[in-house]
There are 2 protein chains.
Amino acid sequence: MQKSTPKRPASSAVEDYLERILELINTKGYARVVDIAESLSISQASVTNMVQRLDGDGLLKYEKYRGLVLTTAGEELARNITHRHHLLTDFLQLLGLDAQTIHHDVEGMEHHVSPATVHAIESLTAQLKRQPALLERVRSGAAPARVGRATTAL
Amino acid sequence: MQKSTPKRPASSAVEDYLERILELINTKGYARVVDIAESLSISQASVTNMVQRLDGDGLLKYEKYRGLVLTTAGEELARNITHRHHLLTDFLQLLGLDAQTIHHDVEGMEHHVSPATVHAIESLTAQLKRQPALLERVRSGAAPARVGRATTAL
DNA sequence: AAACAAAGTTAGCCTCGCCTAACTTGCAGC
DNA sequence: GCTGCAAGTTAGGCGAGGCTAACTTTGTTT
């Protein structure tokens with residue numbers, strides 16, 4: 001008897017795996033251990049291990065040597081994290097950040113943004129897109145009407 | 001011989017410790033093991049352990065049973081993470097999120113925001129503060145001119 | 001069908017960051 | 001100056017999530 005559906009909040013690692021698996025399935029039609037390992041830059045052994053855990057947690061269906069498919073729960077989680085990923089990327093792009101910074105920051109932040117914040121940033125992003133002048137000021141680093149720009153904290 | 005200054009990027013845990021230590025020093029004038037443990041909701045043993053590591057890494061000066069002080073490097077790091085914390089909190093407050101969500105998300109995100117992004121969000125925050133009407137639309141969840149609000153991803 | 005390569009798996013190990021239990025140190029109060 | 005308690009430390013351990021090395025399975029090639 002494995003620990004099916006203990007409903008732990010899904011760690012960052014778990015979210016990363018699911019996100020990549022969904023991406024692979026969407027682009028190649030399937031997700032092999034070797035592809036997941038490559039995509040996450042970790043060893044095949046680690047992937048096998050995690051995939052077995054995800055099977056036990058009911059997030060995917062896995063048959064030794066044969067492959068895997070996401071369950072409804074797994075796909076939902078994967079879509080959710082993917083959504084956060086895209087949203088944050090879109091948002092940071094709007095602010096004029098470079099691709100590398102965006103990638104790094106999104107990869108780190110995406111696991112910690114709650115639904116309410118997702119919604120707020122979606123709303124903000126939508127508003128910002130209709131304010132090209134404001135965005136231009138943001139991108140040029142304008143911080144008007146302040147005496148010291150404050151690199152200070154506390 | 002300990003590993004002094006191998007300059008690893010400072011883990012989230014390390015940043016959390018430094019942030020709390022600085023906060024304690026700023027409010028109580030000192031940071032004892034027991035206070036740090038209380039503040040981070042972890043055991044004293046864990047704190048002792050980490051404090052010894054931080055000493056080895058040159059982020060603070062520590063004398064057994066006697067206490068600790070941040071080094072210049074440690075204080076700089078602490079101020080930096082504190083700054084990110086305040087900035088993100090300020091930003092999310094602007095979006096109208098509730099205190100609990102803000103606390104949770106900031107605690108998670110603050111470790112993953114690079115300098116360029118910090119700067120961009122500072123700039124954005126400054127601009128937003130002069131746009132009460134826009135902020136009102138964000139807070140009320142307005143996402144105009146879209147047919148389906150899209151909970152979809154991919 | 002035999003052999004070989006690529007993919008997958010298992011076993012054993014490591015680091016990080018936390019824990020508890022047991023011991024030591026420092027400091028008040030008597 | 002002894003004693004008792006709070007603070008601090010040490011020892012040993014655990015789970016997550018990585019790793020390498022060695023083995024097995026699959027599938028292709030001849």
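We name chains A, B, ... by the order of the sequence lines, and we start the count at 1 in each one.
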Picking from dT9(C), dG18(D), dG8(D), which would you name as closest to the side chain of Val34(B)?
-> dG8(D)

When you check the phosphate oxygens OP1 and OP2 of dT24(D), does a side-chain N or O of Lys64(A) lie under 4.0 Å from one of them?
-> no

Does the side chain of Gln52(A) get closer than 4.0 angstrom to OP1 or OP2 of dG8(C) through an N or O atom?
-> no

Considering only heavy atoms from C-beta outward, does the side chain of Asp55(B) approach that of Leu68(B) to under 4.5 Å?
-> no

Is the shortest side-chain N/O distance from Tyr65(A) to OP1 or OP2 of dC23(D) below 4.0 Å?
-> no

Rounded to the Å, how far apart are Ile42(A) CD1 and dA7(C) P?
-> 16 Å

Just by distance, do the side chain of Thr125(B) and the backbone of Ile121(B) share a donor-acceptor pair under 3.5 Å?
-> yes

Under 3.5 Å, is there a donor-acceptor pair between the His85(B) and Glu15(B) side chains?
-> no

Is Asp90(A) close to His86(A) at the side-chain level, that is, under 4.5 Å between some pair of heavy atoms?
-> no

Closer to the 5' end of DNA chain D via nearest nucleotide, is it Tyr17(A) or Arg32(B)?
-> Arg32(B)

Could you give the CG-to-C1' distance, from Leu40(B) to dC19(C), as a whole number of Å?
-> 15 Å

Could you check how far CG of Asp55(A) sits from P of dT9(C), rounded to whole Å?
-> 11 Å

Between Ser43(B) and dC19(C), does any side-chain N or O lie under 4.0 Å from OP1 or OP2?
-> yes

When you measure from the side chain of Ala45(A), which nucleotide among dA11(C), dA7(C), dA21(C) comes out closest?
-> dA11(C)

For the pair made of CD1 in Ile36(A) and C1' in dT9(C), what is the distance, rounded to whole Å?
-> 14 Å

Phosphate oxygens OP1/OP2 of dC19(D): is one of them under 4.0 Å from a side-chain N or O of Ser46(A)?
-> yes

After noting the C-alpha distance and the side-chain angles of Glu19(B) and His111(B), does the key distance pass the side-chain hydrogen bond (donor to acceptor under 3.5 Å, both in side chains) rule?
-> CA-CA 11 Å; Glu19(B) 186 176 7; His111(B) 308 292; 5.5 Å; no

Distance test, side-chain N/O of Thr48(A) to OP1/OP2 of dT10(C), below 4.0 Å | no

Starting from C1' on dG15(D), measure out to CG on Asn49(A) and report it in whole angstrom.
-> 12 Å

Counting just side-chain N and O atoms, does Arg66(A) come under 4.0 Å of either OP1 or OP2 of dG27(D)?
-> yes

Would you kindly give the CG-to-P distance between Asp57(B) and dT15(C), to the nearest whole Å?
-> 15 Å

What is the distance, rounded to the nearest whole Å, between atom OH of Tyr30(A) and atom P of dA7(C)?
-> 10 Å

Could you tell me the separation between the CD atom of Gln44(B) and the P atom of dC5(D), rounded to a whole number of Å?
-> 17 Å

